[in-house]
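Proteins get letters first, then strands, A, B, ... in listed order; numbering begins at 1 in each.
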Amino acid sequence: MPTVSRFYVTTPIYYVNAEPHLGHAYTTIVGDALTRWHRLLGDEVMYLTGTDEHGLKIQQAAEEAGTTPQAFADEIAPKFAAAWERLDIAYDDFIRTTEPRHYKAVEEILQRCYDAGDIELDTFAGKYCVSCEEYYSDDELITIDGVPDCCPIHRRPVEYFEEENYFFRLSRFEDRLLDWYAQHPTAMKPEHRGNEALGLIKGGLRDFSISRTSLKWGVPLPWDPNHVTYVWFDALTNYLTAVGFGDGTEGYEKWWPVDYHLIGKDIVRQHCVYWPAMLMSAGIDPPKGWAIGGWLLVDNEKMSKTSGNVVNPLDLIDDIGLDGFRYYVLADTAYGNDGDFTYDGLVARYNADLANNLGNLAARVATVVGKKCGGVGTAPNPDSALAAVAATAVEDTTRWWDEVQPSRALDASWQLVRATNAHLEANEPWKADPGPEVDAVMGDALEALRIVAILASPAIPSTAQAVWERIGQTGAVTDQRVPADTAWGGYQPGADVIKGAPLFPRLKA
RNA sequence: GGCGGCGUAGCUCAGUUGGUCAGAGCAUCCGGCUCAUAAUCGGAAGGUCAUCGGUUCAAGUCCGAUCGCCGCUACCA
């Protein structure tokens with residue numbers, strides 16, 4: 001048993017051809033909450049996000065903008081970092097694929113795979129649109145006025161090209177991948193997403209090309225600088241770069257293998273098939289896990305520029321508050337399935353769980369403590385009926401975070417909120433005269449709020465801290481540990497309990 | 001076409017290896033309470049568990065068919 005357990009989580013790195021939107025925010029918030037939870041568990045945490053800045057599209061976008069690819073990327077990348085600051089994302093590193101450290105790591109893994117004999121020169125043949133500077137597969141091409149094989153964008157015939165490319169021999173890894181997954185059946189979560197990935201492998205694997213001579217904006221192959229690698233060996237490798245791979249030491253082994261790659265369902269093939277095969281070739285352990293999410297739809301449609309429904313998460317914060325937004329995204333979507341983002345849903349969830357249940361509970365407790373306990377926090381009853389509810393809440397919350405199911409984890413935590421409201425109704429302390437019985441009931445409520453503050457802090461960090469302070473606890477809620485500090489009876493009485501303004505003002509529908 | 005998945009109360013969904021599994025939250029209705037952000041608490045109503053047919057002493061839970069919906073089908077980050 002290691003004395004310190006480590007927990008390393010990544011988001012995909014986001015392509016800088018677009019500004020941050022709700023989809024990026026969704027994955028990043030899930031990762032943030034998950035890693036905050038593990039910090040509560042006492043784990044040493046590494047949470048990585050960043051930007052993917054190479055490739056043809058960036059090269060082209062820069063040309064259109066009359067600038068260099070680097071300058072173009074330099075413009076966009078900070079917008080992601082700034083968005084994550086606004087969303088209170090506690091990332092530990094922000095990697096950009098244009099950084100020198102990343103070039104070293106990409107060169108290192110390429111060289112290892114090349115030395116292993118899994119990268120070979122071959123001929124790539126395909127139909128190529130000169131205007132797009134891209135290859136198309138047959139089913140992407142369209143027929144126009146009887147002329148077959150036309151580019152769907154430029155509506156003109158494509159040309160047949162052959163190009164010398166280096167290929168990664170993915171086809172050699174089918175059995176090894178299946179064996180590995182057979183030995184690690186819970187690596188991909190949720191399970192049904194994992195099954196889909198296994199289906200991809202069983203369907204047969206083809207080699208894929210990893211370099212282009214036409215492309216300039218990327219990392220040159222160490223043994224053949226006329227070729228530039230793209231996408232796979234570039235983007236995926238960031239997960240190694242950030243923990244020190246390629247820096248000449250073996251320091252990356254402190255963090256590797258990564259605990260979870262958080263990914264969207266659209267990039268399962270790359271992350272769950274290509275990536276572990278590349279790592280195997282390079283003599284590196286595959287990831288311990290993948291947490292595969294669905295898409296966050298907007299009004300039940302996929303967000304896209306053309307449908308004009310792109311949601312900027314930062315716009316919502318002004319309306320609903322940072323924690324309200326974070327909570328909605330986490331609580332209202334089953335991770336792994338598509339979620340549906342609607343303003344009505346946001347308001348409904350916010351009012352029900354945050355304003356009515358938690359926020360109102362904090363307010364009523366503060367008021368009664370003010371009237372019946374002199375405004376000073378009292379000790380809970382060690383044998384309170386709420387103690388068992390709290391223990392169950394802690395246990396279930398822990399289990400669901402372990403399954404990377406934030407919505408269920410929060411629901412489990414909220415069981416304690418609901419039970420505490422009911423506990424007050426059952427005892428009606430506002431009707432009783434001040435005394436030991438009222439003190440105990442209010443102590444129970446304060447203690448429940450204390451535990452809830454800890455359990456909810458991964459989702460609503462700033463409000464959790466506010467609750468913590470209002471009920472008279474000192475220090476930071478983030479310094480608490482689960483389960484030691486979520487055991488019943490940890491509330492420190494004797495401090496002033498403050499009502500304050502509503503934590504979550506109720507919203508009009 | 002191929003492979004895979006889904007279809008459980010108005011809504012969002014839970015339901016391990018078949019035997020209190022017919023549930024939760026929200027919404028609705030009724031009642032209580034008034035400490036609280038017109039919040040809260042209790043109760044009720046509501047589902048032939050897509051359809052049909054099998055296996056079984058027993059099936060949302062297994063098998064087959066049908067209808068409907070969806071994902072993947074590969075060098076795009």
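- Atom CZ of A:R349 and atom C1' of B:A27 are 13 Å apart (whole Å).
- Between the CG atom of A:D266 and the P atom of B:A74 there is a distance of 15 Å, rounded to whole Å.
- Atom OH of A:Y274 is separated from atom C1' of B:C76 by 10 Å (rounded to the nearest Å).
- We find that A:R450 and A:E447 are joined by a salt bridge, their nearest charged nitrogen and carboxylate oxygen being less than 4.0 Å apart.
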Nucleotide N/O to protein N/O under 3.5 Å, stretch nucleotides 35-41 of chain B:
residue, atom, partner, partner atom, Å
B:C35, O2, A:R364, NE, 3.1
B:C35, N3, A:R364, NH2, 2.6
B:C35, N4, A:R364, NH2, 3.3
B:C35, N4, A:E425, OE2, 3.3
B:A36, O2', A:N360, OD1, 2.1
B:A36, N1, A:R364, NH2, 3.4
B:A36, N3, A:N360, ND2, 3.3
B:A36, N3, A:R364, NE, 3.1
B:U37, OP1, A:K499, NZ, 3.1
B:U37, O2, A:F504, O, 3.2
B:U37, O2, A:R506, N, 3.1
B:U37, N3, A:F504, O, 2.9
B:U37, O4, A:G359, O, 3.0
B:U37, O4, A:L503, N, 3.3
B:U37, O4, A:F504, N, 3.4
B:A39, OP1, A:R506, NE, 2.7
B:A39, OP1, A:R506, NH2, 2.9
B:A39, O5', A:R506, NH1, 3.4
B:A39, O2', A:N356, O, 3.0
B:A39, O2', A:N360, ND2, 2.7
B:U40, O2', A:R364, NH1, 3.0
B:U40, O2', A:E425, OE2, 3.0
B:U40, O2, A:E425, OE2, 3.3

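- Residue A:D207 contributes atom CG, which lies 13 Å from atom P of B:C75 at whole-angstrom precision.
- A gap of 31 Å separates the P atoms of B:U20 and B:G4, to the nearest Å.
- Contacts of A:A81 classified as side-chain contact (heavy atoms from CB on, under 4.5 Å), with partners at least two apart in sequence or in another chain: A:Y91, A:F94.
- Contact check, A:K431 against B:U34: a side-chain N or O comes under 4.0 Å of OP1 or OP2.
- The distance from atom CG of A:D234 to atom P of B:C76 is 15 Å, rounded to the nearest whole Å.
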Can you pull every protein N or O that's under 3.5 Å from an N or O on nucleotides 1-7 of chain B?
none

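- The gap from the C1' atom of B:G68 to that of B:C30 amounts to 38 Å, rounded to the nearest Å.
- Residue A:L200 contributes atom CG, which lies 11 Å from atom P of B:A74 at whole-angstrom precision.
- For residues 72-80 of chain A, proximity to RNA chain B is found at no residue, defined as any non-hydrogen atom under 4.0 angstrom from a strand atom.
- Residue pairs that meet the salt bridge (Lys or Arg N to Asp or Glu O under 4.0 Å) test with at least one member in residues 416-433 of chain A, sequence neighbours left out, are A:R364-A:E425, A:D411-A:R418, A:E428-A:K431.
- Applying the salt bridge (Lys or Arg N to Asp or Glu O under 4.0 Å) test to pairs two or more places apart or on separate chains, those with a residue in residues 390-399 of chain A are A:D396-A:R399.
- A:T123 is linked by a side-chain contact (heavy atoms from CB on, under 4.5 Å) to A:E162, A:E164, counting only residues two or more places apart in sequence or in another chain.
- Taking atom C1' on both B:C21 and B:A9, the two are 14 Å apart, rounded to the nearest angstrom.
- Between the CG atom of A:D332 and the C1' atom of B:C26 there is a distance of 10 Å, rounded to whole Å.
- To the nearest whole angstrom, the two C1' atoms, one in B:G53 and one in B:G15, are 25 Å apart.
- Looking at residues 396-411 of chain A, you'll see A:R408 sit with a heavy atom under 4.0 Å from some atom of RNA chain B.
- Of the P atoms belonging to B:C75 and B:C11, the separation is 39 Å, rounded to the nearest Å.
- Between the P atoms of B:U61 and B:G54, the separation comes to 15 Å (whole Å).
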A:E53 and A:T98: CA distance, side-chain angles, deciding distance, side-chain hydrogen bond (donor to acceptor under 3.5 Å, both in side chains) verdict: CA-CA 6 Å; A:E53 308 187 356; A:T98 48; 2.7 Å; yes
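- Glycosidic conformation, B:G60: syn, with the torsion inside 90° of 0.
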A:W414 and A:L354: CA distance, side-chain angles, deciding distance, side chain to side chain contact (heavy atoms under 4.5 Å, CB included) verdict: CA-CA 10 Å; A:W414 250 253; A:L354 297 179; 3.8 Å; yes
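- The side chain of A:K57 has B:C76 as its nearest neighbour among B:C76, B:G71, B:C75.
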Working for ring-ring contact (aromatic ring centres under 6.0 Å, His included), residues A:W290 and A:Y181: CA-CA 12 Å; A:W290 294 259; A:Y181 278 116; 5.6 Å; yes
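- Between A:Y114 and A:Y166, the ring planes are perpendicular. Angles over 60° get that label, and only those under 30° would be called parallel.
- Checking A:T28, A:T10, A:T11 one by one against A:T49, the side chain to side chain donor-acceptor pair (under 3.5 Å) holds for a single residue, A:T11.
- Ring geometry for A:H271 against A:Y239 counts as tilted: the plane angle lies between 30° and 60°, on a 0 to 90° scale.
- If you measure from atom CG of A:L416 to atom P of B:A24, you get 19 Å, rounded to the nearest angstrom.
- Residue whose closest nucleotide on RNA chain B sits further toward the 5' end, between A:D338 and A:Q270: A:D338.
- With rounding to the nearest 0.5 Å, the separation of CG in A:D340 from CG in A:D332 is 9.0 Å.
- Separation of the C1' atoms belonging to B:G7 and B:A45 is 25 Å when rounded to the nearest angstrom.
- Side-chain contact, A:T229 with A:D234: no donor N or O sits under 3.5 Å from an acceptor N or O.
- Residues passing the side-chain contact (heavy atoms from CB on, under 4.5 Å) test with A:D496, sequence neighbours excluded: A:V376.
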Strand RNA chain B as a dot-bracket string - pairs counted if Watson-Crick or G-U with both distances under 3.5 Å, | where the partner lies in another strand: (((((((..((((.........)))).(((((.......))))).....(((((.......))))))))))))....
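- The separation of B:G5 from B:A24, taken at their C1' atoms, amounts to 24 Å, rounded to a whole angstrom.
- Sorted by first and then second residue, the pairs that involve residues 366-381 of chain A and meet side-chain hydrogen bond (donor to acceptor under 3.5 Å, both in side chains), not counting sequence neighbours, are A:T367-A:K499.
- Side chains of A:S384 and A:D444: a donor-acceptor N/O pair is present below 3.5 angstrom, by distance only.
- Considering only residues two or more places apart in sequence or on other chains, A:E120 meets the side-chain contact (heavy atoms from CB on, under 4.5 Å) condition with A:R169, A:R172.
- Considering OG1 of A:T241 and CG of A:L236, their distance stands at 10.5 Å, rounded to 0.5 Å.
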